Amino acid sequence: MQQIDLSYAIRPRRSGSRQIRNPLMQILQAVREHGSISGASRALDLSYRHVWGELKHWEQALGHPLIQGEQGQRAQLSEFGDKLLWAERQAQARLAPQIEALHAELERAFALAFDDRTHVLSLQASHDDALALLRTHAAGTAQLHLDIHFTGSVDAIRALNQGRCVMAGFHTLEHPPRGSLAQRTYQPLLKPGQHKLIGFARRTQGLLVAPGNPLNLRSLADAARLRARYVNRAIGTGTRLLLDELLAQAGLDAAALAGYERSETSHAAVAHAVASGQADAGLGLESAAHAEGLDFVPLVRERYHLACLKSALDQPAMQALVAVLRSPSWQHLLETLPGYEAAASGEVQSLRALLPWWTFAREKKAHHGP
């Protein structure tokens, strides 16, 4: 079958219906209607040389003549040109409902760019069920559209620092100790005075296990001792970091968990692996366990942080987000999600207030002799 690479653009027609338009098909249609290349050129507001060149280019690419007729006579489409135009019209007719729907959706989407009441905020973040809920709530109540890309916590903060997003979501233990793996990972990426944290949520992480907890797992040590089939999160995610932290606290290494090297991209994927019997346990969110009908063994409480540059706090989209996070409607909705509660939601805080990893010696006052 002949492969044809054609590019199309969507434009309104005078009748009000929509069509996807291809330059070659427009040229062929114009030649048919006007009987000459010069007439087609005038109708399309293109130069004769351009139209002639396009026709010759496509004849060579397709291996068939498109136009026939002696010099000085009326130009006509060749049989192949007629069939090509007919085939394109057949495709247009079959796709008409989808074309109409696509055009309407594009119009709605681009209309947002011209609405001063609407805001868009780009966010890269560690996977979190509450963020997905916030995206829907913010769009419906504040015309704030969160352009969320879920990725690992480390990659999210790097994206923020490189200007690829306005905000980054990551999580740590509620009271992250000094010298921890979290400190060694996040401290080099965050700078007091440059970055700010906006309170988002407190959440519970623990072991996702089959209903009834058939292996009676109560800790990672149990999972290691019983050689439970474990499913992990990907390298660079906050939950993978948390697991390594908890293993170190328990005096265990990665090899202690059967399946440590197997990873999934989200809490939902970990929950599905356990629910489908492919794994016995995985570290994840209580909300993910609840969604799959699994049992949940709580292990730690975390804070989920939203980091931004201090210079971004005055942006309208950021101010709209803070207002949503502080609203009673959002905080009530958040606490309906299993394992979540509002924790200084919407409060702008310094790094040192939530992550006690930085120490600054006070400058000594200069003493001068009498």
Side-chain angles (χ1 to χ4, degrees), residues 9-10 12 18 98-153 155-171 195-201 203 237-238 265-269 285 287-288 291 303-337 340 342-349:
I10 296 179
R18 284 96 179 186
Q98 292 92 327
I99 294 169
E100 290 282 347
L102 175 60
H103 194 287
E105 183 60 35
L106 287 171
E107 281 186 336
R108 284 194 294 269
F110 281 103
L112 295 176
F114 295 91
D115 186 347
D116 292 338
R117 300 167 299 171
T118 298
H119 304 289
V120 177
L121 193 151
S122 59
L123 170 62
Q124 294 206 24
S126 176
H127 183 258
D128 180 76
D129 288 344
L131 272 180
L133 189 65
L134 176 66
R135 175 168 50 194
T136 302
H137 180 77
T141 62
Q143 292 184 279
L144 171 63
H145 299 270
L146 298 179
D147 182 10
I148 302 176
H149 174 64
F150 286 119
T151 184
S153 291
D155 287 340
I157 300 174
R158 284 176 177 160
L160 171 66
N161 291 339
Q162 293 168 4
R164 292 186 282 117
C165 61
V166 177
M167 178 167 282
F170 71 105
H171 51 99
H195 294 90
K196 289 291 184 181
L197 297 181
I198 298 176
F200 179 57
R203 66 184 197 175
T237 61
T265 57
S266 67
H267 294 280
L285 295 173
S287 55
R303 279 184 182 261
Y304 195 102
H305 310 286
L306 298 176
C308 68
L309 298 179
K310 182 180 178 180
S311 58
L313 290 173
D314 293 331
Q315 294 181 7
M318 191 70 72
Q319 293 178 346
L321 174 64
V322 168
V324 170
L325 294 175
R326 290 176 178 175
S327 68
S329 62
W330 162 248
Q331 295 184 18
H332 172 74
L333 182 61
L334 175 64
E335 296 195 356
T336 65
L337 202 58
Y340 282 84
S345 189
E347 291 187 15
V348 179
Q349 297 180 300

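Source: prediction; values computed, not measured.
Not one N or O on the side chain of T151 forms a donor-acceptor pair closer than 3.5 Å with the backbone of A156. Proximity of a side-chain donor or acceptor of S345 to a complementary backbone N or O of A342 within less than 3.5 Å is not detected.
Considering all non-hydrogen atoms of both residues, L197 and A307 come closest at CD2-CB, 3.8 Å. Closest non-hydrogen pair, A268 versus A288, comes out as N-CB, 4.4 Å. Contact record, Q349 with A344: OE1-CB, 4.3 Å, taken as the closest heavy-atom pair. Listed here is the closest heavy atom pair of Q124 and D155: OE1-O, 4.4 Å. The two residues C308 and L313 come nearest to each other via the heavy atoms SG-CD2, 3.6 Å. Heavy atoms only, all atoms of each residue included: L334 and Y340 are closest at O-CB, 3.6 Å.
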>> Would F200 and L134 count as a side chain to side chain contact (heavy atoms under 4.5 Å, CB included) here? Give the steps.
In response: CA-CA 10 Å; F200 179 57; L134 176 66; 3.8 Å; yes
>> What verdict does the side chain to side chain contact (heavy atoms under 4.5 Å, CB included) test give for M167 and M318, after you've listed the backbone C-alpha separation in whole Å, the side-chain angles of each residue and the deciding distance to 0.1 Å?
In response: CA-CA 9 Å; M167 178 167 282; M318 191 70 72; 3.1 Å; yes
>> Please evaluate residues Q315 and L121 with respect to the criterion side chain to side chain contact (heavy atoms under 4.5 Å, CB included), reporting the C-alpha separation (whole Å), side-chain torsions for both, the decisive distance (0.1 Å), and the verdict.
In response: CA-CA 10 Å; Q315 294 181 7; L121 193 151; over 6 Å; no
>> As a quick check of understanding, evaluate side chain to side chain contact (heavy atoms under 4.5 Å, CB included) for D129 and L337, giving each step before the final call.
In response: CA-CA 8 Å; D129 288 344; L337 202 58; 4.1 Å; yes
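With contacts defined as side-chain heavy-atom distances shorter than 4.5 Å, the pair H305/I198 does not qualify. With a 4.5 Å cut-off on side-chain heavy atoms, K196 and L309 do not count as touching.
A donor atom on one side chain and an acceptor atom on the other are not found under 3.5 Å apart for S266 and H127. Under 3.5 Å, the side chains of H267 and D128 contain no donor-acceptor pair of N or O atoms. A side-chain donor from one of R203 and H171 sits under 3.5 Å from a side-chain acceptor of the other.
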Mind listing the side-chain donor-acceptor pairs of residues 319-328 below 3.5 Å, one per line with the distance, residues two or more places apart or on another chain?
from, atom 1, to, atom 2, distance (Å)
R326, NE, G346, O, 3.0
R326, NH2, G346, O, 3.4
S327, OG, V324, O, 2.6
S327, OG, S329, OG, 3.4
S327, OG, W330, N, 3.3

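Atom SG of C165 is separated from atom CZ of R158 by 13.0 Å, given to the nearest 0.5 angstrom.
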